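Input: a single structure, listed below in structure tokens.
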Amino acid sequence: QIHLVESGGGLVQPGGSLRLSCAVSGRLFRLYAIAWFRQAPGKQRELVAGITNGGSTSYSDSVKDRFTISRDLAKSTVYLQMNSLKPDDTAVYYCNADPDGLGYNFGVYDYWGQGTQVTVSS
């Protein structure tokens with residue numbers, strides 16, 4: 001069983017930064033691919049960034065060059081560094097695990113955290 005716990009959300013002004021954390025339980029963490037999704041009110045959940053078990057990263061066009069996904073294998077934690085935040089980034093952010101490890105199945109397996117709210121507003 002894989003458990004994920006997000007933290008680090010909050011209220012930030014436009015242009016500001018936040019770092020989200022996703023703590024992952026499970027002794028096979030290094031084998032998993034992990035992704036960050038977000039869901040804004042009235043919108044579908046969308047994939048924001050992902051990292052494979054080999055460390056390859058990918059980003060949606062809307063966050064490329066502003067967000068960075070990374071992981072700490074020793075802490076079994078994946079981070080999302082968010083810079084130059086915009087009001088459109090306001091959403092609940094969730095992390096998701098793909099135990100297949102290659103990132104082809106982000107959002108397929110039902111391994112989700114509880115989410116953390118990010119609000120970008122002046």
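Everything numeric in this text was worked out from a predicted model, so none of it was measured. Just so you know, these numbers use all the heavy atoms, side chains as well, and skip hydrogens, waters and symmetry mates.
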To the nearest 0.5 Å, what is the distance between [atom1] on [X] and [atom2] on [Y]?
{"X": "I51", "Y": "C95", "atom1": "CD1", "atom2": "SG", "answer": "13.0 Å"}
{"X": "N53", "Y": "R30", "atom1": "CG", "atom2": "CZ", "answer": "10.5 Å"}
{"X": "R71", "Y": "S76", "atom1": "CZ", "atom2": "OG", "answer": "10.5 Å"}
{"X": "L18", "Y": "Q81", "atom1": "CG", "atom2": "CD", "answer": "8.5 Å"}
{"X": "F67", "Y": "L85", "atom1": "CZ", "atom2": "CG", "answer": "5.0 Å"}
{"X": "L4", "Y": "Q114", "atom1": "CG", "atom2": "CD", "answer": "9.0 Å"}

CA sep, side-chain torsions, deciding dist, call: V24, T77, side chain to side chain contact (heavy atoms under 4.5 Å, CB included)
CA-CA 6 Å; V24 183; T77 299; over 6 Å; no
Could you tell me which non-hydrogen atom of [X] sits nearest to which non-hydrogen atom of [Y], and how far apart they are?
{"X": "D100", "Y": "N105", "value": "OD2-ND2, 2.6 Å"}
{"X": "Q1", "Y": "H3", "value": "CG-NE2, 3.5 Å"}
{"X": "A49", "Y": "L80", "value": "CB-CD1, 4.1 Å"}
{"X": "V92", "Y": "G115", "value": "CG1-CA, 3.9 Å"}
{"X": "G9", "Y": "T116", "value": "N-OG1, 3.1 Å"}
{"X": "W36", "Y": "L47", "value": "O-CD1, 3.7 Å"}

Do [X] and [Y] land in one hydrophobic cluster if side-chain heavy atoms of ILVMFWY residues count as linked below 4.5 Å?
{"X": "V12", "Y": "Y93", "answer": "yes"}
{"X": "Y32", "Y": "Y104", "answer": "no"}
{"X": "L73", "Y": "L31", "answer": "yes"}

Side chain proximity check, I2 to P99, heavy atoms < 4.5 angstrom:
yes
With a 4.5 Å limit on heavy-atom distance, are the side chains of P87 and S121 in contact?
no
Derivation and outcome, side chain to side chain contact (heavy atoms under 4.5 Å, CB included), residues T57 and I69
CA-CA 7 Å; T57 59; I69 189 170; 3.6 Å; yes
Going by the rule side chain to side chain donor-acceptor pair (under 3.5 Å), which residues pair with D98 if we only count those two or more places apart in sequence or in a different chain?
none
As a quick check of understanding, evaluate side-chain hydrogen bond (donor to acceptor under 3.5 Å, both in side chains) for D65 and Y59, giving each step before the final call.
CA-CA 9 Å; D65 298 327; Y59 301 91; over 6 Å; no
Given side chain to side chain contact (heavy atoms under 4.5 Å, CB included), test Q117 with T90 step by step and report yes or no.
CA-CA 8 Å; Q117 176 71 48; T90 295; 4.1 Å; yes
Looking at Y94, is R38 sitting on its ring face, NZ or CZ under 6.0 Å from the six-membered ring centre and within 45 degrees of the normal?
no
Can S62 and S60 be counted as having a side-chain donor-acceptor contact under 3.5 angstrom?
yes
Residue pair Y79 / R19, side-chain donor-acceptor N/O under 3.5 Å
no
Which word best sums up how the rings of Y109 and Y111 line up, parallel for under 30°, tilted for 30 to 60°, or perpendicular for over 60°?
parallel
Name the orientation class of the two ring planes belonging to F37 and W112 (parallel below 30°, tilted from 30 to 60°, perpendicular beyond 60°).
perpendicular
The test is side chain to side chain contact (heavy atoms under 4.5 Å, CB included); show your working for L20 and C22 and say whether it passes.
CA-CA 7 Å; L20 306 182; C22 174; over 6 Å; no
D61/K64 ion pair, N-O < 4.0 Å:
yes
Checking S17 against N83 for the side-chain hydrogen bond (donor to acceptor under 3.5 Å, both in side chains) test, could you report, in this order, the C-alpha distance in whole Å, the side-chain angles of both residues, the deciding distance, and whether it holds?
CA-CA 4 Å; S17 298; N83 299 328; 2.9 Å; yes
